[in-house]
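Residue numbers start at 1 and run along the sequence shown. We count ligands from 1, going down the list as the structure has it; atoms in each ligand are counted the same way.
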Amino acid sequence: MTDIRIPADLLPLDGRFGSGPSRVRLQQFDDLTDRAVTVIGTSHRQPAVKRLVGAIREGIADLYRLPEGYEVLLANGGASAFWDAAVFGLVERRAQTAVFGEFGGKFAKAARAPWLEAPDVREAEAGSAALLEPAEGVDVYATPHNETSTGAMVPIRRVADDGALTVVDATSAAGGVSADIAETDVYYFSPQKNFGSDGGLWLAIVSPRALERIGRIAASDRYIPEFLSLANAVDNSRKDQTLNTPAVASLSLLESQVRWMNEQGGLDWVDARTAESSRGLYEWIDRHDWAAPFVREPEYRSQVVVTIDLDDAIDGGRITAVLREHGIVDIEPYRKLGRNQLRVGTFASVDPADVASLADCIAYVAERL
Ligand SMILES: Cc1ncc(COP(=O)(O)O)c(C=O)c1O
């Protein structure tokens, strides 16, 4: 306990600023309650749950205005499972991977599978960004869109036009940052960030070229575990179902959020909202000489995860402790970075006015430590 008390009129209306799991809007729970008897607790092989999966797939297709032939896949396991599925079912011989933080690093590690050639890893230190480049013998180019561990974000564009696939981990970007899907072959994500759902699912927007690759590798003699089979995910997704039992409540939360995003104005609207939240915070950082953006190059600064380095004289751990006592949670830095830092999720559900209040609260506490 400390004796710093933040005046109630400075506090945000909602104190959840985590980078995932992240804020879930109350309307999503109302929708869940409405489905309490009709959908929750009913069979995932019957129309009620399948309609929910279908609505999610259509909602994502609308949100991203999918180009001809692109499809939305959905399966169990989260983005972590997708990494392994991609190594079994998307990479033919060799991947090039961008590593500028924890999550890009995890894909690079998965891509060291014994049946593949060692990956071509393009690495940059945390707080900066590594970009992919066309290279001989590479058939999958993989990068995070937004590196959640550091708050660095990169532009999304197709890397090579020689049949190689551009595969993007959009776990913390999807539903919050615009992307031209035609520049990607696979844009995959877990739904517990901008989509305000729970963990445990992965979704992927896939191009005709990626579908062709999935089919070709599945028909080859490569061993692929059933749970990680992308060909299975394609078959099941087309039937609005999953291989094994999904978390139906998570599907409901996700459906509500996608519907809300589309009603508000789609991807342009969420992109503008997260840009407003994060811009306000970066401008606030500029006005405080004890704070600095961790991502030095402005073009790589994330609009959905803002990382704030603090001067040695300001103890970030004490700030987060005081804020937690006031119901403001989860702005601790990514644990493995080990920096004196704050990390703020400015995802779609977060009201820009709450981000402004959060900034006022941080300053209030920092100036009284
Ligand atoms: C960019 C990114 N990729 C992948 C993951 C892993 O997602 P999951 O825990 O759903 O497997 C995360 C989780 O935070 C992430 O931020």
Measure from every N or O atom of ligand 1 to the protein's N or O atoms and keep only the pairs below 3.5 Å, writing each with atom names and distance to 0.1 Å.
| from | atom 1 | to | atom 2 | distance (Å) |
| --- | --- | --- | --- | --- |
| ligand 1 | 3 (N) | Asp169 | OD1 | 3.4 |
| ligand 1 | 3 (N) | Asp169 | OD2 | 2.6 |
| ligand 1 | 10 (O) | Ser190 | OG | 2.7 |
| ligand 1 | 10 (O) | Gln192 | NE2 | 2.9 |
| ligand 1 | 11 (O) | Ala79 | N | 3.4 |
| ligand 1 | 11 (O) | Ser80 | N | 2.9 |
| ligand 1 | 11 (O) | Ser80 | OG | 2.7 |
| ligand 1 | 14 (O) | Lys193 | NZ | 2.6 |
| ligand 1 | 16 (O) | Thr148 | OG1 | 2.5 |

Ring geometry between Trp260 and Trp269 (parallel below 30°, tilted from 30 to 60°, perpendicular above 60°): perpendicular

For Ile217, the option from Ile224, Leu90, Val91, Leu230 that meets side chain to side chain contact (heavy atoms under 4.5 Å, CB included):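 Running side chain to side chain contact (heavy atoms under 4.5 Å, CB included) over Ile224, Leu90, Val91, Leu230 with Ile217 returns exactly one hit, Ile224.
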
Leu73 reachable from Leu254 in the ILVMFWY side-chain graph, under 4.5 Å edges: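 No, no single cluster joins them.
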
Over all atoms of both residues, closest heavy-atom pair of Tyr188 and Asp169: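 Looking at all heavy atoms of both residues, the closest pair is OH-CB, 3.1 Å.
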
Partners meeting salt bridge (Lys or Arg N to Asp or Glu O under 4.0 Å) with Arg296 (sequence neighbours left out):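 Testing Arg296 for salt bridge (Lys or Arg N to Asp or Glu O under 4.0 Å), a comparison that skips the adjacent residues, returns Asp309.
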
Electrostatic pair Arg213:Asp139 at N-O distance under 4.0 angstrom: yes

